[in-house]
Amino acid sequence: MPEGPELHLASLFVNRMCEGVVFSGAVEKSEVSKNPEVPFCCDAYCIKAQSRGKEVRLTLSPIKSENYNKRKVSKDQSQQPMNVVFRFGMSGFFRFTAVDDLPKHAHLRFYTNETPRKVLSFVDPRRFGSWQPHGIWQPDRGPCIMFEYESFRENVLSNLSDKAFDRPICETLLNQKYFNGIGNYLRAEILYRLRIPPFVKARTVLEGLEPEDEEKKIVKQEITVSETADTSKKKGIEAETPDLLSLCHTVPLEVVKLGGKGYDPEKADYSTFQAWLQCYCVNGMNSLWDHNRRTMWFKGDPGPMAPKGSKSPKAKWKIQKDDHDYTDAKKTKRKCIDKAAGEKPVKQTASKRVKKETKTSKPQSGSKTLKSSNKRVKAEPADEIKKPKTVPLRTRTNKIKGQNGEEKIKEKKSVTCRKERTKAKPQRRSGGAKRGRTR
DNA sequence: CGTCCACGTCTAC
DNA sequence: TAGACCTGGACGG
């Protein structure tokens, strides 16, 4: 769930689920996690959450009450609240379940004092996420794009001489020192709204923007289009087009407004988010790897700083957007991709990506299948449903798969590129081997 | 069964 | 500017 909106939704989730709930005992960490233990233990405490950009902070507060902690009242050094700051990596999220339903990959757990007990878990399958006990907002991260808009804007515009702005705008947008909360799907959606070519120098795009941004009332932008149009007519004021920094604020807030649904293909209503996406993973859009080999989705011209010979990664699961068939759009599907890919991909992107050492590590926490293994209902009529649950959008009728198959066109070409993944073989065995590095 | 890809940092050459 | 760090889903053979 990891971009600003998802982190914020996670904080809302925690506050909603934990309101009035009393937690008790020690905080428990999974065996496999390399993150630090959280040295907090209390007979009765509550949990509150707050988000800032791509971080979430939980505050564990001992409950003062004669009912709780009575025996140690004398202990003047009564426990103080503790902050734990989380980063979600690529796959982190919070869950609140019965103890018996502890999710797989629940790496940090807070237990309630109920009976039966329940547990708030930080779940993180890939373990790229992290937490810091006694944590503070990471100092190098800038103001939150959603909830510290004015200082965010100020921070960017007063530092345009920083070499961070020498890079293509799409890469600078991932720099958390200036865009705390923007991630890969947001950069695509934001640039797409303004049709800004992603590989144009960031400074070029940003210089000239007004520091204040006073005239455009952010609130106004949340009104429906028609309404806005109306208003501007009445007042005779031309509704100003939001600039890039304004969209860095409002676009993420749109996702927050979608509610429980952010980027999370596992959720049942993932389709709501999918329907919201206009560019990221949308069929018909172009994509290229940026200089960090992150996929940049865009439409039209990539811009002058596009990595030469960059390939367009093969996207499976592209979203089909036929619904509103405004004019063109549609029919272009896939052709764009071919084009990008076709531009003589100069395999140069060297290779790398070896790995795959099948480690022997066992599924740490319990076996997923245990208890209610039947979770997956599989109600659908087997035979030919194709699994891609992620493609619920209508129109999957004909094309879909077939279109993917289209790769056959230049397949040989792509094949050659792929091929060169030679090199290194897994060294190091799994498990305990590495493990050094603290913090 | 093997390959590729994924919402993000981190840190060694 | 490359990997490293991880698991798992979608696909291809």
Side-chain angles (χ1 to χ4, degrees), chain A residues 1-7 9-10 32-35 53-55 86-93 104-105 107 123-130 138 140-141 167 171 174-177 179-189 252 255 261-267 270 273-274 277 280-281 287 289-295 297 307 311-318 348-359 361-365 368 376 386-391 400-401 404-405 407-408 411 414-415 417-419 421 423-424 426-428 430-431 433-439:
Chain A
M1 322 188 28
E3 296 184 26
E6 287 75 30
L7 278 276
L9 288 168
V32 290
S33 175
K34 296 173 188 167
N35 279 307
K54 253 183 262 186
E55 297 183 304
F86 292 79
R87 260 158 272 140
F88 284 14
M90 294 284 266
S91 60
F93 60 95
K104 187 181 183 184
H105 306 301
H107 297 303
V123 185
D124 183 15
R126 298 184 68 179
R127 278 182 266 153
F128 291 172
S130 63
Q138 201 167 248
D140 290 341
R141 307 185 75 104
R167 314 191 57 75
E171 293 173 19
L174 294 184
N175 186 332
Q176 304 298 298
K177 180 173 180 181
F179 298 90
N180 188 8
I182 299 297
N184 206 26
Y185 80 72
L186 283 172
R187 70 170 176 171
E189 295 299 313
V255 179
K261 181 42 312 46
Y263 192 129
D264 182 0
E266 299 305 301
K267 294 288 281 302
Y270 176 53
F273 176 70
Q274 237 181 204
L277 291 172
Y280 182 78
C281 288
S287 64
W289 277 324
D290 67 15
H291 294 286
N292 299 308
R293 296 189 76 254
R294 298 269 263 145
T295 302
W297 290 85
K311 302 203 317 42
S312 156
K314 290 180 155 45
K316 358 199 151 199
W317 52 277
K318 286 206 288 302
Q348 90 325 349
T349 34
S351 60
K352 63 295 264 114
R353 207 125 271 182
V354 264
K355 255 48 275 9
K356 208 99 242 178
E357 46 195 302
T358 63
K359 18 196 72 228
S361 65
K362 75 299 279 59
Q364 36 134 344
S365 58
K368 80 280 267 45
R376 174 155 271 68
K386 98 202 23 23
K387 51 273 295 51
K389 54 168 51 28
T390 63
V391 225
I400 38 151
K401 211 104 291 166
N404 280 349
E407 310 319 28
K408 87 312 192 152
E411 69 172 325
S414 61
V415 173
C417 297
R418 285 267 132 49
K419 227 144 242 158
R421 65 181 52 295
K423 152 177 273 66
Q427 71 286 53
R428 164 170 288 82
S430 72
K434 67 297 230 44
R435 170 119 328 116
R437 68 185 275 71
T438 55
R439 76 168 341 300

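What you are looking at is a predicted structure, and each value in this text was computed from that prediction instead of being measured. Protein chains get the first letters and strands the later ones, always in sequence-line order, with residue 1 at the start of each.
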At under 4.0 Å, does any side-chain N or O of Q176(A) touch on OP1 or OP2 of dT9(B)? yes
Among dT7(C), dC10(B), dG8(B), the one nearest any side-chain atom of S130(A) is dC10(B)
Is a side-chain donor or acceptor of D290(A) paired with a backbone partner of E171(A) at a separation under 3.5 angstrom? no
Can you tell me if the side-chain N/O atoms of Q138(A) get under 4.0 Å from OP1 or OP2 in dG8(B)? no
Return no unless some side-chain N or O of K104(A) is found under 4.0 Å from OP1 or OP2 of dG8(C). yes
Most 5' of K54(A) and T295(A) on DNA chain B, judged by nearest nucleotide: T295(A)
Now, which nucleotide makes the Watson-Crick or G-U wobble pair with dC7(B), with each of the two distances under 3.5 Å? none
May I have the distance from D140(A) (atom CG) to dT11(B) (atom P), rounded to whole angstrom? 11 Å
Does the dA6(B) base have a donor-acceptor partner in the side chain of R126(A) within less than 3.5 Å? yes
At less than 4.0 Å, is any side-chain N or O atom of R294(A) found next to OP1 or OP2 of dC7(B)? Yes or no. yes
Taking every heavy atom of L174(A) against every heavy atom of R187(A), the minimum-distance pair comes out as CD1-NH1, 3.5 Å
D290(A) CG to dT9(B) C1': how many Å, rounded? 14 Å
Could you state the atom-to-atom distance from NE2 of H105(A) to C1' of dG8(C) in whole Å? 8 Å
Here the pair of heavy atoms bringing Y280(A) nearest to E189(A) is N-OE2, 2.8 Å
Please give, in whole Å, the distance from dG8(B) P to N184(A) CG? 6 Å
Separation of atom CG in N175(A) from atom C1' in dC10(B), rounded to whole Å: 14 Å
Whole angstrom value for the distance that separates P of dG8(B) from CZ of F93(A): 16 Å
Specify whether H105(A) and H107(A) have parallel, tilted or perpendicular ring planes, treating 30° as the upper limit for parallel and 60° as the lower limit for perpendicular. tilted
I want to check one thing: is the phosphate of dT9(B), taken as OP1 and OP2, less than 4.0 Å away from some side-chain N or O of R141(A)? yes
In this structure, CD of E3(A) is separated from OH of Y185(A) (nearest 0.5 Å) by 5.0 Å
Heavy atoms only: give me the nearest S287(A)-T295(A) pair and the separation to one decimal. CB-CG2, 3.8 Å
Rounded to whole Å, how long is the line connecting atom CG of L186(A) with atom C1' of dC7(B)? 9 Å
Rounded to whole Å, CG of N292(A) lies from P of dC10(B) at a distance of 14 Å
dG13(C) and dC5(B), which share atom name P, separated by this distance in whole Å: 15 Å
Taking 5.5 Å and 30° as the limits, would you call F128(A) and the base of dG8(B) a stacked pair? yes
When rounded to the nearest Å, what value does the distance between C1' atoms of dC7(B) and dT1(C) take? 23 Å
Between dA2(C) and H291(A), is there an OP1 or OP2 to side-chain N/O distance shorter than 4.0 Å? no
